[in-house]
Structure formats: C-alpha cells, structure tokens
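I have placed the structure first, in the form of structure tokens, so that the comments after it can refer back to it.
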Amino acid sequence: MDFISKVGTTISDKSRTAARKAKEMTELSNLNNQISTQERIINELCLDIGKKVYEKRASFPNAELEEKYTDVSNAYAEIERLKTAIILIKGGKQCPCCKTEVALNFSYCPDCGAAVPNPETTPPIENIVIPPDSVIYYSNQDQK
C-alpha cells in the first residue's frame, strides 16, 4: 500500500506542478500580449507625431531631418504619379484640384466641381527633379 500511496502522492505533486506551470505560462503570455499592445500604441503615436512634424516642417526647419523630409516628399510625389498612371490605365482622368478619379466623359469633378480637362488636351507632366542623394523605390517593371 505504501508504494501506491507514494505513486499517488507523486502524481498529485506532478499535476500541481503542471497546473502551476500552466498558470505561469498563461500569465506570462497575457503580460507579453499587454506589452505588445503598448508597443503598437507607441508605434502608432510615433507615426502620428512624425506625420505632424512632417506636415509642419516649413514652420520648424530642422537640418537633421531635412533629408528625411525630402525623401518623404519624393515618396508622396511617386505615389501621386502611380495613382495617376492607374487612373489612366483604367480609362479615366484625375481632377487637378482634389485628385478624385473622374470618368472621361465628365467635364467637371463630381466631388469638388472643378473643371477637369481631357488628358489628350493636357500637356504631359514633366519629370520631377529629385535630389541625387534621395531614395525612390520603383517596381521591377519601372526599371526595365
């Protein structure tokens, strides 16, 4: 009987240890999830702060950030170029005021009411002058 009692005690001890370890793992996982949530909040806030600083860059010039400002401006310009290319491929045109996609047969923008010229009568947009030390990312297709 002593042997069976020892086995029972050992099983009880092991199951208590396993339960304690499971509880610890759950608590650790919960705390790590809370840390991840706070890190995401920080990243979103920092991104928001960065956008606000960029938007007010003219009011608060900063030589240290000037290259980053230029890179962001170039990236925005590239996004606009790509969006315009998408609209043209889809057979539309773009409002010069609000950048809304407009059907080719429309003379005025349905969003802001501005006159929207036909692409055939619009002179081609010249390439944007980009400082040589700026980084612009192109798709593999553009590099061909």
Side-chain angles (χ1 to χ4, degrees), residues 1-106 108-119 122 124-144:
M1 235 14 211
D2 196 34
F3 174 74
I4 293 176
S5 179
K6 273 186 166 182
V7 169
T9 303
T10 302
I11 291 173
S12 280
D13 289 345
K14 294 291 182 188
S15 61
R16 272 188 290 240
T17 301
R20 190 180 83 252
K21 290 283 187 191
K23 183 179 178 187
E24 286 174 6
M25 292 299 290
T26 301
E27 289 174 3
L28 288 172
S29 178
N30 186 16
L31 292 171
N32 281 321
N33 285 338
Q34 289 179 37
I35 289 170
S36 293
T37 298
Q38 294 305 312
E39 288 173 340
R40 275 193 300 279
I41 289 169
I42 289 169
N43 286 335
E44 288 172 13
L45 290 170
C46 287
L47 182 62
D48 191 43
I49 290 168
K51 285 180 180 179
K52 288 184 185 335
V53 168
Y54 172 76
E55 290 166 359
K56 296 178 188 285
R57 67 192 177 282
S59 303
F60 305 101
N62 183 318
E64 222 178 297
L65 296 175
E66 207 54 49
E67 183 179 340
K68 299 289 182 195
Y69 291 157
T70 301
D71 291 344
V72 170
S73 295
N74 289 337
Y76 276 129
E78 181 63 6
I79 288 170
E80 286 306 311
R81 185 190 72 76
L82 295 168
K83 285 180 178 179
T84 300
I86 289 169
I87 290 170
L88 289 174
I89 288 170
K90 290 168 53 178
K93 56 186 176 179
Q94 192 174 40
C95 174
C97 294
C98 69
K99 307 298 183 198
T100 298
E101 183 175 347
V102 179
L104 278 176
N105 60 340
F106 285 21
Y108 296 91
C109 175
D111 281 359
C112 71
V116 182
N118 285 327
T122 306
I125 298 173
E126 296 296 317
N127 288 336
I128 298 169
V129 176
I130 299 171
D133 58 344
S134 296
V135 177
I136 300 287
Y137 297 98
Y138 294 98
S139 69
N140 290 337
Q141 220 173 18
D142 288 344
Q143 293 176 355
K144 293 179 182 177

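In terms of heavy atoms, V102 sits closest to P110 at CG2-CD, 4.0 Å. Annotation for N118 and L104: closest pair OD1-O, 3.4 Å, computed over non-hydrogen atoms. Taking each heavy atom of P61 and A58 in turn, the nearest pair found is CD-O, 3.8 Å. Residues S15 and S12 come closest through the heavy atom pair OG-O, 2.9 Å. Of all the heavy atoms in Y54 and Y69, the pair that sits closest is CE1-O, 3.5 Å. Across all their heavy atoms, C95 and C112 have their closest contact at SG-SG, 3.5 Å.
The backbone N or O of L28 lies less than 3.5 Å from a partner atom in the side chain of N32, making a donor-acceptor pair.
Counting heavy atoms from C-beta outward, R40 and T37 have side chains that approach closer than 4.5 Å. Between I41 and Q38 the shortest side-chain heavy-atom distance falls below 4.5 Å.
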For K90 and I87, run side chain to side chain contact (heavy atoms under 4.5 Å, CB included): C-alpha distance rounded to whole Å, both residues' side-chain angles, the deciding distance at 0.1 Å, then the answer.
CA-CA 5 Å; K90 290 168 53 178; I87 290 170; 5.7 Å; no
Could you go step by step and tell me if Q34 and N30 meet the side chain to side chain donor-acceptor pair (under 3.5 Å) rule?
CA-CA 6 Å; Q34 289 179 37; N30 186 16; 3.3 Å; yes
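Taking SG of C109 as the start and NZ of K99 as the end, the distance is 11.0 Å to the nearest 0.5 Å. Between the CD atom of E24 and the OG1 atom of T17 there is a distance of 10.0 Å, given to the nearest 0.5 Å. Here NZ of K68 is found 15.0 Å from CZ of R57. Values are rounded to the nearest 0.5 Å. Interatomic distance, L65 CG to D71 CG, rounded to the nearest 0.5 Å: 11.0 Å. Atoms CE and NZ, on M25 and K21 in that order, are 9.0 Å from each other to the nearest 0.5 Å. Distance check, rounded to the nearest 0.5 Å: OG1 of T84 to CD1 of I89 gives 11.0 Å.
For the pair D13 and R16, the salt-bridge criterion is met [side-chain N within less than 4.0 Å of a carboxylate O]. Electrostatic pairing of E78 and R81 counts as a salt bridge here, judged by a charged N lying under 4.0 Å from a carboxylate O.
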